[in-house]
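Here is the structure we will look at.
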Amino acid sequence: MADQYDYDLFTIGAGSGGVRASRVAASHGARVIVAEEHRVGGTCVIRGCVPKKMLVYGAHFAEDLEDARAFGWTIENPKFDWATLRDNVLRDVDRLNGLYTETLDNHGVEIVNERAELVGPHEIKLSGGRTVTARHILIATGARPHVPDCPGHELGITSNEAFHLETLPRRILIAGGGYIANEFAGIFNELGSQVTIINRSDQLLRGYDEALRDRLLQISMMKGIDFRFHAEFRGIEKNDDGTLKVSMTNHDDLMVDCVLFATGRLPNTGGLGLEKAGVETGEKNEILVDRFSKTNVDHIYAVGDVTDRVQLTPVAIREGQAFADTVFGGGDPIAVDHDCIPSAVFSHPPLAGVGLTEGQARNKYGSVRVYQSDFRPMKNVLAGRNERSLYKMVCDEDSGRILGIHMIGPEAAEIMQAAAVAVKAGLTKADFDATVAIHPTMAEELVLLR
Ligand code: NDP
């Protein structure tokens with residue numbers, strides 16, 4: 001490549017997608033620079049999936065310690081210390097941040113801890129004042145929490161701040177009924193907070209199979225989480241004692257110590273100078289891209305949450321990899337297949353799904369065959385824990401091809417990862433039937449479905 005430009009690739013944003021793309025582009029021989037205004041690692045590593053999962057582990061001990069009694073263990077006065085968990089988690093986030101930075105360094109990627117803005121088709125201005133040019137530009141700036149525009153909204157927090165709380169709130173109100181709301185409701189509830197979820201509709205986790213959503217609601221209520229549906233925020237006021245009064249439609253006011261907004265995430269496209277480079281955006285300000293993650297401008301690409309295709313880390317990573325291989329790998333262009341992506345919600349218990357839900361399958365195919373197992377895991381039986389798991393397999397009526405698998409119960413996400421391979425490969429119910437069970441496991445239910 002001629003040296004008409006300072007760099008072959010300028011990546012804006014060092015999150016999951018940006019780091020993968022930058023590293024792979026560099027390994028293909030490209031001269032790469034990446035700008036990150038916060039911390040290398042992005043949402044997933046710094047304030048999302050990774051620290052969240054650690055909190056989920058920490059929270060689950062509450063049940064494990066309780067259940068341990070039935071298994072003969074005596075645990076005198078177990079105590080939980082939020083500061084210990086929080087600080088250990090944040091320490092591990094620091095470690096991972098270091099590893100991500102090291103990976104980029106090792107591949108010769110230049111990192112600048114500054115905000116970057118497009119000032120022309122190939123020119124990028126850094127907040128420190130330097131302007132550089134690049135042959136290709138990748139926008140991987142992710143998304144940020146959406147906060148409803150109501151009076152007093154600034155008194156609430158988002159998942160970004162939840163990892164840094166000084167103390168565990170005694171009462172917390174969580175707005176939203178999606179991934180983040182249900183995951184944090186589980187965490188805070190297990191850790192001893194009084195949790196109320198308020199949602200604008202009466203539907204949790206839209207997109208997941210209805211039977212699983214109902215099961216999660218039922219179990220969450222049994223565990224003590226309160227739900228208020230058809231409730232839209234009217235406002236938050238601070239009382240003299242520092243507590244918060246929340247008003248909402250259709251329900252009484254609520255006094256809490258903390259309000260957490262988990263009402264979706266918006267693409268980070270503001271102040272990027274997209275108009276100066278002529279990059280088109282959509283209705284939600286997401287960057288519009290084709291199947292190769294290319295924008296309407298030939299040399300500018302975008303991957304991950306900023307494109308609002310599927311807001312999941314592994315998808316952003318694949319998009320980043322495909323971009324780097326396509327542009328710098330010298331082979332055929334590679335598009336990411338967004339079909340049949342497995343996903344999970346790390347609630348208590350977790351739920352997971354891949355492919356079509358029963359409702360989606362019926363709408364698409366008319367008649368489908370549904371197999372299901374509604375069972376109490378062995379461990380729950382001995383522990384006296386009245387919590388049932390539910391596994392569903394949705395199949396094409398004629399061919400038996402599996403259209404979707406949906407599970408709620410302990411380790412659902414772990415089991416789903418393997419089951420998703422079968423669904424993606426187009427296997428049938430008969431293939432599952434032909435597979436011998438591993439006994440006794442929960443996962444064996446998948447090959448014993450009737
Ligand atoms: P979700 O899209 O999962 O859920 C948003 C919730 O907020 C929905 O209940 C939605 O209601 C509600 N909502 C949206 N807009 C408003 C509004 N203006 N006022 C009131 N309520 C509103 O978003 P999250 O914030 O929970 O998570 C963002 C994304 O991050 C997820 O979609 C997911 O892709 C990703 N994520 C993935 C995780 C995982 O893989 N385990 C974990 C955490 C996040 P309605 O249904 O009516 O639209």
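Side chains included, hydrogens not; waters and symmetry mates left out as well; all remaining heavy atoms used. Order of appearance sets the numbers: ligands from 1, and atoms from 1 within every ligand. Model, not experiment: these values are computed from the prediction.
Assignment of Ser343 to the shell around ligand 1 is not supported, since no heavy atom sits closer than 4.0 Å. Under the 4.0 angstrom criterion for non-hydrogen atoms, Lys52 is in contact with ligand 1.
Note: no N/O pair closer than 3.5 Å links Phe346 and ligand 1 by distance alone. An N or O contact shorter than 3.5 Å links Ala344 to ligand 1 by distance. Considering backbone and side-chain N/O of Gly176, none are found under 3.5 Å from N/O of ligand 1.
Of all atoms in ligand 1, numbered sequentially from 1 with element shown, those under 4.0 Å from a heavy atom of Gly177 are 6 (C), 8 (C), 9 (O). Taking every heavy atom of Ala262 and a limit of under 4.0 angstrom, the matching atoms of ligand 1 come to 5 (C), 6 (C), 7 (O), 25 (O).
When hydrogens are left out, the protein atom nearest atom 31 (C) of ligand 1 is Tyr179 CD1, 3.5 Å; that is the closest non-hydrogen contact. In this structure, atom 1 (P) of ligand 1 lies nearest to the protein heavy atom Gly178 CA, 4.0 Å. For atom 26 (O) of ligand 1, the nearest protein heavy atom (residue, atom name, distance) is Ile180 N, 2.8 Å. Counting protein heavy atoms only, atom 47 (O) of ligand 1 is closest to Arg200 NE, 3.0 Å. The nearest protein atom to atom 42 (C) of ligand 1, hydrogens excluded, is given as Glu183 OE1, 3.2 Å; this is a heavy-atom distance. Scanning the protein heavy atoms around atom 48 (O) of ligand 1, the nearest turns out to be Arg206 NH2, 2.5 Å. The protein heavy atom nearest to atom 21 (N) of ligand 1 is Thr263 CG2, 3.4 Å. In terms of protein heavy atoms, atom 29 (C) of ligand 1 is closest to Gln311 OE1, 3.2 Å.
Of all the heavy atoms of Leu205, none lies under 4.0 Å from any atom of ligand 1, so neither backbone nor side chain is involved. Contacts with ligand 1 closer than 4.0 Å are made by no heavy atom of Glu232, backbone or side chain. Contacts of Val310 with ligand 1, taken as heavy-atom pairs under 4.0 Å, are absent altogether.
The shortest distance between side-chain heavy atoms of Val112 and Val34 does not fall below 4.5 Å. Side-chain contact between Ile157 and Leu165 is present, with heavy atoms from C-beta onward closer than 4.5 Å. Using a 4.5 Å cut-off on side-chain heavy atoms (C-beta onward), Arg228 and Leu254 make contact.
Arg234 and Asp253 are not joined by a salt bridge, as no carboxylate oxygen comes within less than 4.0 angstrom of a charged side-chain nitrogen. Between Arg91 and Asp94 no salt bridge is recorded (no basic side-chain N to carboxylate O distance below 4.0 Å). Lys223 has a carboxylate O that lies under 4.0 Å from a charged side-chain N of Glu387, or vice versa, which qualifies the two as a salt bridge. Salt bridge absent: Asp67 and Lys379 never bring a charged side-chain N and a carboxylate O closer than 4.0 Å.
Between Phe188 and Trp82, the ring planes are tilted. Angles from 30° to 60° get that label. Taking the six-membered ring where tryptophan is involved, the planes of His136 and Phe328 are perpendicular, since the angle between them exceeds 60° and thus also 30°.
A donor-acceptor contact closer than 3.5 angstrom links the side chains of His338 and Glu319.
Under the ring-ring contact (aromatic ring centres under 6.0 Å, His included) criterion, Phe10 pairs with no residue at all, not counting sequence neighbours.
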